[in-house]
Structures are given as C-alpha cells and as structure tokens.
Number of protein chains: 2
Amino acid sequence: MSPTPARTSRARVVDAARALLEEGGPEAVTMAAVAQRVGVRAPSLYKHIRDRAALLDAVAIDAAEELGRTMTVTSAGAGADPGSRIAALAVAYRAFARRSPRSAAVLFADLGHGTGAPVEVAARAAAPVIDAAALLVGPEAALAAARVLTSFVYGFTTMEQAGAFQLGGSVDDAFRLGVESLVRGLAAADHGMRVGDGRLNPPA
Amino acid sequence: MSPTPARTSRARVVDAARALLEEGGPEAVTMAAVAQRVGVRAPSLYKHIRDRAALLDAVAIDAAEELGRTMTVTSAGAGADPGSRIAALAVAYRAFARRSPRSAAVLFADLGHGTGAPVEVAARAAAPVIDAAALLVGPEAALAAARVLTSFVYGFTTMEQAGAFQLGGSVDDAFRLGVESLVRGLAAADHGMRVGDGRLNPPA
DNA sequence: ACCTGAACACCGTTCAAGT
DNA sequence: ACCTGAACACCGTTCAAGT
C-alpha cells in the first residue's frame with residue numbers, strides 16, 4: 001500500500017561510513033558494517049549511494065567540508081598579523097588531523113579520479129589560507145605561497161599521524177619551526193613581481 | 001621424487017605487486033593478479049609471503065629502499081652549499097614521486113601498524129636530509145629542520161600527484177618557492193641553542 | 001620444497017519480490 | 001519508494017594432494 005518511508009538517509013550513511021573509517025581504516029568500511037550501523041541491510045544502501053567508491057568519496061567530501069568550516073571560523077577569529085593568521089590556520093588544521101586522522105589522510109589521497117566535486121570543496125577549505133598568504137606576500141604570489149603552506153601542514157600532519165617521527169626530539173617544536181620558517185622565508189622571498197606601487201613587474 | 005624447485009621468488013612477487021600498484025592502485029594488487037604475473041597460482045604466493053598485508057608492506061619497503069639509494073646518490077653528487085644540497089634532495093624526491101607516484105603515496109601512509117622494519121628503512125632514506133639540514137642549521141636543530149623539509153616535500157608531491165593543484169599558476173614555481181623559503185627561513189630561525197663556539201645554550 | 005585444485009568465508013552488487 | 005533475502009562474481013586464505 002503506502003510506500004515505506006526511508007528508514008535511513010544518505011547523510012546517516014555517510015556519517016556511519018566516516019565513523020567506521022576513523023575506527024578501523026578504509027578496510028573497515030564494508031557495506032555490511034555501514035548498513036548495520038544505520039539499521040538496515042547492505043542492499044538498501046544502494047538506494048542512497050551509487051556504490052562503495054562513491055561512499056568513500058562522500059566521506060572525503062564530508063571531511064573537507066568540516067575542515068572548510070573550521071578554517072573559515074579560525075580565519076574569522078584571527079588577528080590582523082599575517083604570520084599569526086597563518087599560524088592559527090596551521091594549528092587548526094593540525095587539530096583537525098588529530099580529531100580525524102584517517103579522514104585527513106584520505107583528503108588529498110584520491111582527488112584525481114573522483115567526481116570533480118572534491119576539488120571545489122578543497123578549494124573552499126583553501127580559501128582562508130590563500131587570503132592569509134596574500135597578506136604576507138601580496139596577491140600575485142598568494143597562490144604559490146598557499147600551496148607551500150598547505151603542503152607543509154598536510155605533509156607534516158600526515159607523517160605525524162602515520163608515526164613517521166620516531167627518532168626522538170619534540171614534534172611540536174618541529175611543527176612550530178616549520179610554520180615560523182615558512183612565514184619568515186616566504187615574506188623574504190623575491191617574488192620578482194612587486195615594485196614601487198605594487199604593479200606587476202616581471203623578473204629580468 | 002625430487003622436490004620441485006621454486007618457480008618464482010619473494011623478490012619477483014614483490015616486484016610484480018609494486019608494478020600492479022603503480023598501474024592500477026592498491027585495489028589492483030590482488031593475489032590472483034600478482035600470481036599470474038609471476039606465472040603461478042594464487043595459493044603458491046603464500047610460500048613466499050605471509051599474506052596480502054605483508055605483501056603491501058614489502059612493496060612500501062622496496063620503494064623506501066629505492067628512495068634511500070636515490071637520496072644517497074644525490075647527496076654524494078651534490079656540492080658543499082647547504083641550500084643547494086637541500087634543493088637537490090628535494091628535486092630528487094620529486095622525481096621519485098613522479099616515477100612511482102602510488103608507491104610514494106603509500107610510503108608514509110601506513111607505517112603505524114607495520115612490522116616496524118619500514119621505520120628503519122625510512123630512517124635510512126632520511127639520513128641524507130638530516131645531514132644536509134645539519135649543514136644549514138647545526139646539529140642540534142638538524143632533526144627538526146629535516147622533519148620540516150621532508151614534510152613539505154612529501155606533502156607537496158603527494159598533493160601534486162593527487163591533482164590537488166588545479167587553480168592555475170606554475171606548480172614548478174611553487175615547489176621552488178617552497179624549497180627556497182624553507183632554506184632561507186630555517187637558516188634565519190632562532191634555534192635558541194647556538195651561541196659563540198656552538199655550545200648549547202637554552203633559550204631564556 | 002614448492003605448486004595446485006578444491007573449498008570456505010567474506011565482500012560488493014544486482015534483482016525480483018515484498019510492503 | 002524503500003527494504004529485503006537470495007543469488008552471483010570475486011577475493012583472500014587454507015589445506016590436502018601432487019611432484
């Protein structure tokens with residue numbers, strides 16, 4: 001008679017998958033385990049998502065959106081100094097990577113063959129970094145500087161979570177050293193394009 | 001009668017697995033596909049490796065060893081200037097990441113739950129970086145500086161290979177900017193521990 | 001000592017049948 | 001319109017039997 005109402009939803013399915021990812025890594029994200037978490041049988045999931053690959057993509061997008069919100073909030077609450085804005089964003093990313101290490105590891109691991117949507121979401125998460133970088137090095141070099149900063153923070157947190165820093169020493173100090181050195185070095189770098197009133201001037 | 005001689009070997013199996021990884025990603029590394037490549041049936045592989053997880057670990061170790069050799073050779077062939085040594089190592093890593101993108105992506109992705117051996121191998125690949133960092137910032141800060149440099153290069157190449165840099169601009173320029181800024185910033189950083197003849201002096 | 005076919009458990013996915 | 005059991009193909013792994 002009346003069609004049965006949905007017993008779950010795409011959002012619940014994605015949440016369950018993300019929780020399983022964090023608890024046991026990608027291999028723990030089986031369709032049966034996800035289904036059990038949302039109180040349904042595995043075949044029902046296909047009414048909400050195309051297949052397992054799309055589910056993992058959705059998890060990555062979900063994590064990227066959360067990261068984007070965190071970065072935006074952090075940016076809004078930071079002071080005017082470019083260096084401290086960048087440091088605040090770096091610390092915020094590191095906190096995210098600690099809260100959701102497996103999601104963070106998966107953030108930039110796949111993008112290539114995805115639906116294309118992740119790229120937009122990642123761009124939104126990157127926007128506050130580009131803004132802060134622009135304050136430090138000017139608009140022309142902002143994108144390159146943001147790539148540099150993002151690479152360092154992503155690389156550092158990924159290696160840290162993977163347990164790659166096992167030779168002793170303070171990992172916190174190394175992180176601070178990296179952020180400070182980058183801020184200093186980027187500010188000092190010759191971007192070869194700002195002269196006088198800021199109009200573009202190509203390098204010789 | 002006479003026991004049959006081995007029709008394949010652990011090394012061949014690992015090579016086949018690594019080739020499959022590069023061609024189709026981790027999901028392409030099935031026991032059947034590996035077996036077919038070395039001319040054997042899937043069950044025979046278990047005479048050479050414990051299981052699929054151990055096989056993937058062995059692939060990562062194999063890649064890390066190759067990287068270690070590349071870094072050592074690069075280090076031996078580089079000049080005396082700390083900055084150009086570091087730049088040469090960074091370029092060598094990036095070339096490795098282009099030759100073997102999936103192996104590179106997997107290098108620091110798992111270490112945590114592995115056999116423990118990968119850590120030693122990774123340490124060997126990192127040694128030339130620590131040496132070069134010591135020339136730049138002194139022995140006390142060398143480990144931290146090496147972590148910073150490695151994080152940037154690993155993060156940058158991983159994101160680059162994942163297709164994360166899609167907002168235009170020169171990716172090569174960004175890489176150069178990162179290396180140069182780090183070298184400059186690390187050299188300028190206050191490590192709070194070198195005074196006069198280099199004896200350790202804690203920060204105030 | 002290594003290789004094999006057969007077998008088993010598990011997983012992703014499809015589909016006809018239920019409500 | 002969503003949910004389900006049954007079924008299928010595929011995969012990792014074990015094991016007894018071959019040489």
Side-chain angles (χ1 to χ4, degrees), chain A residues 1-62 102-103 106 109-110 113-115, chain B residues 1-62 102-103 106 109-110 113-115:
Chain A
M1 332 204 124
S2 62
T4 68
R7 215 163 301 174
T8 186
S9 67
R10 186 186 152 94
R12 281 173 195 275
V13 169
V14 174
D15 280 358
R18 183 154 171 215
L20 285 165
L21 172 68
E22 287 301 341
E23 286 166 24
E27 73 214 359
V29 186
T30 68
M31 300 304 271
V34 172
Q36 191 183 20
R37 265 207 186 221
V38 300
V40 116
R41 304 286 183 167
S44 301
L45 296 179
Y46 294 85
K47 289 291 165 184
H48 302 279
I49 35 114
R50 186 158 33 85
D51 55 19
R52 184 172 177 273
L55 177 56
L56 291 176
D57 274 2
V59 168
I61 292 173
D62 183 71
R102 315 244 198 194
S103 301
V106 125
D110 276 323
H113 70 100
T115 54
Chain B
M1 325 213 132
S2 62
T4 69
R7 214 162 301 174
T8 184
S9 68
R10 187 186 152 93
R12 280 172 195 275
V13 169
V14 174
D15 280 358
R18 182 153 171 216
L20 285 165
L21 172 68
E22 287 301 341
E23 286 166 23
E27 74 214 359
V29 186
T30 68
M31 300 304 269
V34 172
Q36 191 183 21
R37 266 208 183 220
V38 299
V40 118
R41 303 286 183 168
S44 302
L45 296 179
Y46 294 84
K47 289 290 167 184
H48 302 278
I49 37 113
R50 187 158 33 84
D51 54 20
R52 184 173 178 272
L55 177 56
L56 291 175
D57 274 1
V59 168
I61 293 173
D62 183 71
R102 315 245 199 193
S103 301
V106 125
D110 276 323
H113 70 101
T115 55

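Computed from a predicted model, the values in this text were never measured in an experiment. First the proteins, then the strands, lettered A, B, ... as listed; each starts at 1.
- Separating the CE atom of M31(A) from the C1' atom of dA7(D) is a distance of 17 Å, rounded to the nearest angstrom.
- For Y46(A), taking side-chain heavy atoms from C-beta onward, the closest of the listed nucleotides dC3(C), dT13(C), dG5(D) is dT13(C).
- Taking CG from D51(B) and CG from L45(B), the interatomic distance works out to 11.5 Å, rounded to the nearest 0.5 Å.
- Computed from coordinates, the I49(B) CD1 to dC2(C) P distance equals 14 Å when rounded to whole Å.
- Distance from the side chain of P43(A) is smallest for dG5(D) among the nucleotides dG5(D), dT4(C), dC2(D).
- When each of dT13(D), dT13(C), dT4(C) is scored by its nearest atom to the side-chain atoms of D51(A), the top-ranked nucleotide is dT13(C).
- Within the 4.0 angstrom heavy-atom criterion, only backbone atoms of the sugar-phosphate kind lie near V29(A); the bases stay farther away.
- Closest non-hydrogen pair, A35(A) versus A42(A), comes out as CB-N, 3.5 Å.
- When each of dC3(D), dG12(C), dT4(C) is scored by its nearest atom to the side-chain atoms of K47(A), the top-ranked nucleotide is dC3(D).
- Here the nucleotide nearest the side chain of S44(A), chosen from dT13(D), dG12(C), dT4(D), is dT4(D).
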In residues 9-21 of chain A, what donor-acceptor pairs under 3.5 Å come from side-chain atoms, sequence neighbours left out?
residue	atom	partner	partner atom	Å
S9(A)	OG	R12(A)	N	3.2
R18(A)	NE	S103(A)	OG	3.1
R18(A)	NH1	D62(A)	OD2	2.9
R18(A)	NH1	E66(A)	OE1	2.8
R18(A)	NH2	E66(A)	OE1	2.9
R18(A)	NH2	S100(A)	OG	3.1

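- Closest heavy-atom contact between A33(A) and A28(A): CB-O, 3.9 Å.
- Rounded to whole angstrom, the span from the NE2 atom of H48(B) across to the C1' atom of dC2(C) amounts to 7 Å.
- Of the candidates dT4(D), dC11(D), dT13(C), dT4(D) carries the atom nearest the V40(A) side chain, counting heavy atoms from C-beta on.
- With a 3.5 Å limit on both pairing distances and Watson-Crick or G-U wobble geometry required, the stems of 3 or more pairs in DNA chain D span C:4-8 with D:12-16, C:12-16 with D:4-8.
- When the side-chain nitrogen and oxygen atoms of R52(A) are compared with OP1 and OP2 of dG12(C), one or more of them lie within a distance under 4.0 Å.
- When all heavy atoms are compared, the tightest approach of R102(B) to E23(B) is NH2-O, 4.1 Å.
- The side chain of R41(A) lies closest to dG5(D) when the candidates are dG12(C), dG5(D), dC3(C).
- Applying the 6.0 Å contact sphere to CD of Q36(B) captures no more than 12 heavy atoms from other residues, nucleotides or ligands.
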